[in-house]
Each structure stands twice: as C-alpha cells, then as structure tokens.
Amino acid sequence: MKAIGYYKNKPVTEPDALVDIEVPKPEPGPHDLLVKVEAISVNPADVKQRGNSAPTDGQARILGYDAVGIVEKVGSSVRLFEPGDAVFYAGAINRQGTYAEYHVVDERVVGPKPKTISSAEAAALPLTSLTAWELLFEKLGVQYGTKSSREAILIINGAGGVGSVLTQIARRLTGLTVIATASRPETIDWVKQMGAHHVVDHRKPLDEEMRRIGIPHVKYVAGLTATDRHQQAILEILKPRGALAMIDDPDIFDVVKFKRKSLSVHWELMFTPTLFQTPEMDDQHRILTEISALVDSGVIKTTMRENAGKITAENLRNVHALLESGRGLGKTVLSGF
C-alpha cells in the first residue's frame with residue numbers, strides 16, 4: 001500500500017523530511033479494525049513526532065492520527081463495527097499512523113462518521129474533539145448540558161484546532177461565558193464564528209485584556225499554547241479554587257505558585273488511554289459517537305479550514321510547515337491518494 005513516512009528527523013524544508021513509500025498492508029489484531037483511509041488531518045502532535053521521535057531499525061515511521069475511512073476487515077474480538085461502516089477516529093501515538101492507504105486501529109477509540117458532512121470535513125474533528133471534551137468535562141469538571149452558570153472560561157489560542165472545537169462545546173453544551181484569545185483579524189473573526197462571547201488579544205498581557213472586557217477573573221482556563229509565557233497572568237485571572245488545564249509542553253512551569261489560591265492544575269493528553277490500555281479506553285468511542293450525533297444535529301460544525309489536496313509527501317510537508325509557522329487556523333485536511 002502507499003504511505004508517507006520518514007527515516008530520520010529532518011527540518012520540514014528538507015525533501016526527505018517526509019517521503020512517499022510503499023509498505024505491506026497491515027492486518028488487524030483482535031480488537032482492531034482495518035480501515036481504508038479516505039481523509040486525514042494534520043495536528044501539532046504530528047509535527048512534534050516528526051521532529052523528536054526517531055525511527056528505529058531502519059524502518060520508516062508513519063505519522064498521522066486523525067482519519068476517516070471505511071472498515072474493510074475486523075479482528076476476532078470486534079463488537080462495535082463491521083465491514084462497510086464509515087468511521088472516524090484519532091488513533092494511537094504508539095502505533096503506525098494514518099498517512100497510509102490502510103490503517104489498523106482499536107475499535108474502542110473509534111466512532112461512527114457523521115452522516116451530514118464529507119469525509120474531509122469529518123477528518124478535522126476526532127483528535128481535537130476528544131482533547132476538548134476530556135479537558136472540559138473530565139479535567140476541569142465542567143457540568144455537561146448545564147445551561148445556566150455564573151462562571152466563565154478563558155481559552156488561550158481559540159483559533160487553533162483544539163480551541164476551535166473547545167469554544168463550540170463550551171458555548172453550546174454548557175452555560176459558561178466563553179472568552180477566547182486571538183490576535184489577527186482572521187483569527188478574531190474565526191473564534192467569533194465558533195461561538196466565543198468575547199475575544200482578547202494574547203499578544204498583550206492577558207490579565208489587562210480581561211480587565212478591558214470587564215471580566216477580570218474566571219473559574220477555568222484552558223492553556224492550549226504558550227502556557228508558561230502566560231503563567232503569571234493566568235494566576236491573576238483565575239478565581240480562588242479555580243482550575244487550569246493545559247495541553248502544551250512548557251519548558252518550565254512553577255506549579256507551587258498555584259497553591260495560595262488552592263488552584264488545581266491538569267494536563268490533558270488524549271493518547272493516554274491507548275498508551276496505557278486503561279480500563280476506560282472505550283470512553284473515547286462513546287465521546288466520538290456523541291460528537292458525531294452533535295454534528296449531525298447541527299450543534300457542532302467542522303473546523304476544517306482548508307483541504308490541502310491528496311495525501312502525498314509534498315502536500316504533507318507543506319501542511320507541517322504551516323503548523324510550524326504558528327499561523328494555522330482551524331484544521332487543514334487532505335483526502336485521497
């Protein structure tokens with residue numbers, strides 16, 4: 001089968017940073033689905049892995065987590081899906097990825113593809129939806145479906161992939177006042193489209209920006225990028241007994257400073273269940289099934305911003321370069337081989 005992989009960690013400007021390859025078609029294990037891939041999207045996790053995770057034994061590493069496709073074959077213990085089903089999922093960080101014509105994935109982290117949108121539009125959603133859902137409802141403990149609240153959430157980097165979904169979920173499935181950060185005219189407009197009540201500029205001190213809009217303190221902060229740079233402002237913004245949940249990787253983060261206000265600090269990584277085969281791994285199947293239904297009912301919309309064309313090494317290098325520039329907006333997808 002066709003696939004895109006890499007043999008050495010290279011800058012994205014190098015032509016062999018990602019290359020077109022041919023590899024054997026995989027076989028599903030007991031809990032696996034063999035999926036014929038129709039569309040994928042690219043995430044910051046892909047870029048981090050390409051830069052930091054070196055392949056071993058001379059074998060190519062195939063990246064990619066988000067995928068939409070059709071189930072071709074199922075493992076002996078599969079109960080949730082059958083051949084012919086259209087599915088979407090975010091996969092696992094410790095298995096070969098979705099930059100390939102065929103992919104194997106554990107059925108317990110797979111959901112039914114939304115029926116009302118295209119495969120490309122659906123490919124934008126799985127990883128970011130799982131991250132946003134787990135961060136908001138599991139880590140921060142916000143009540144799902146409670147439409148009345150005096151509390152607010154600040155989402156740092158509201159125009160990114162996770163921020164775009166988190167803004168929608170927080171606005172439409174909770175009673176929180178949603179404040180998202182953005183700095184360019186196009187990103188400000190985007191986060192408003194996603195449902196933010198207010199927009200503040202993350203290029204300025206966030207505590208000053210929050211005072212500007214008349215909401216100096218919030219109970220929740222989602223740190224999606226540059227959490228270390230904004231740490232002091234976050235401390236000022238959070239109410240006593242508030243909560244911070246983050247997904248980025250600060251070089252230095254002094255959690256002791258959060259003690260005086262009795263603040264809770266959480267990290268969210270949606271790959272943890274598959275990395276450690278946790279008993280609640282099938283919660284991700286449940287979440288994606290719910291997201292699919294919310295899309296089909298018009299509550300959540302795709303965050304696809306651009307379709308970069310076919311799934312090729314050249315196109316993927318271009319998308320990786322876009323993400324590395326820090327000027328991404330929503331999600332970029334690719335479809336077909």
Side-chain angles (χ1 to χ4, degrees), residues 28-43 45-46 64-75 77-95 97-98 100 102-138 144-145 161-162 164-166 168-169 172-173 268-275 277-304 330-331 333 335:
H31 286 285
D32 289 340
L33 311 175
L34 175 66
V35 177
K36 183 173 175 56
V37 175
E38 294 184 341
I40 63 172
S41 74
V42 182
N43 293 281
D46 306 36
Y65 306 104
D66 280 328
V68 176
I70 304 297
V71 177
E72 182 166 290
K73 190 175 181 181
V74 301
S77 299
V78 166
R79 299 291 179 267
L80 300 173
F81 298 97
E82 58 187 29
D85 287 344
V87 296
F88 77 150
Y89 57 89
I93 205 166
N94 55 343
R95 302 183 74 173
T98 57
Y102 293 90
H103 183 249
V104 288
V105 60
D106 192 304
E107 67 162 346
R108 293 168 291 183
V109 296
V110 175
K113 171 193 167 292
K115 297 180 176 65
T116 56
I117 59 176
S118 68
S119 293
E121 291 169 323
L125 290 171
L127 187 150
T128 54
S129 296
L130 286 167
T131 300
W133 191 285
E134 292 178 357
L135 183 150
L136 187 66
F137 297 124
E138 297 176 9
Y144 171 62
V162 174
S164 299
V165 180
L166 180 56
Q168 293 187 66
I169 291 174
R172 299 186 177 102
L173 301 180
E268 160 59 23
L269 179 67
M270 55 75 50
F271 294 120
T272 296
T274 48
L275 276 170
Q277 295 290 295
T278 61
E280 67 276 8
M281 196 164 84
D282 60 356
D283 281 355
Q284 294 199 342
H285 164 70
R286 175 185 57 80
I287 294 167
L288 287 175
T289 300
E290 181 76 0
I291 291 292
S292 183
L294 289 166
V295 171
D296 286 339
S297 62
V299 176
I300 302 296
K301 59 184 177 182
T302 181
T303 56
M304 183 185 83
K331 291 296 294 293
V333 305
S335 53

| request: Any chance you could lay out the side-chain contact (heavy atoms from CB on, under 4.5 Å) test for L80 and V110, step after step, and finish with the verdict? | output: CA-CA 9 Å; L80 300 173; V110 175; over 6 Å; no
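- Nearest heavy-atom pair, P126 versus L288, reported as atom, atom and distance to 0.1 Å: CA-CD2, 3.9 Å.
- Residues passing the side-chain hydrogen bond (donor to acceptor under 3.5 Å, both in side chains) test with S164, sequence neighbours excluded: W190.
- Taking the six-membered ring for Trp and thresholds of 30 and 60 degrees, Y144 and W133 have ring planes inclined between 30 and 60 degrees apart.
- Nearest heavy-atom pair across R95 and D106 is NH1-N, 3.8 Å.
- A donor-acceptor contact closer than 3.5 angstrom is absent between the side chains of T302 and E121.
- Between the side chain of Q168 and the backbone N or O of K301, at least one donor-acceptor pair lies under 3.5 Å.
- A donor-acceptor pair under 3.5 Å links the side-chain atoms of Q284 to the main chain of M270, judged by distance alone.
- When every heavy atom of P112 is checked against every heavy atom of F88, the shortest pair comes out as O-CE2, 3.3 Å.
- Closest heavy-atom contact between A67 and T98: CB-CG2, 3.6 Å.
- The two residues G75 and P28 come nearest to each other via the heavy atoms N-CB, 4.3 Å.
- Side-chain N or O atoms of D296 include one that pairs as donor or acceptor with a backbone N or O of T116 at under 3.5 Å.
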| query | Can you list the steps and then say if T278 with D283 is a side-chain contact (heavy atoms from CB on, under 4.5 Å)? | reply | CA-CA 10 Å; T278 61; D283 281 355; over 6 Å; no
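- A distance-only check finds a donor-acceptor pair linking the side chain of D66 to the backbone of L127 [under 3.5 Å].
- The one candidate from R108, H103, K113 that meets the side-chain hydrogen bond (donor to acceptor under 3.5 Å, both in side chains) condition with Y89 is H103.
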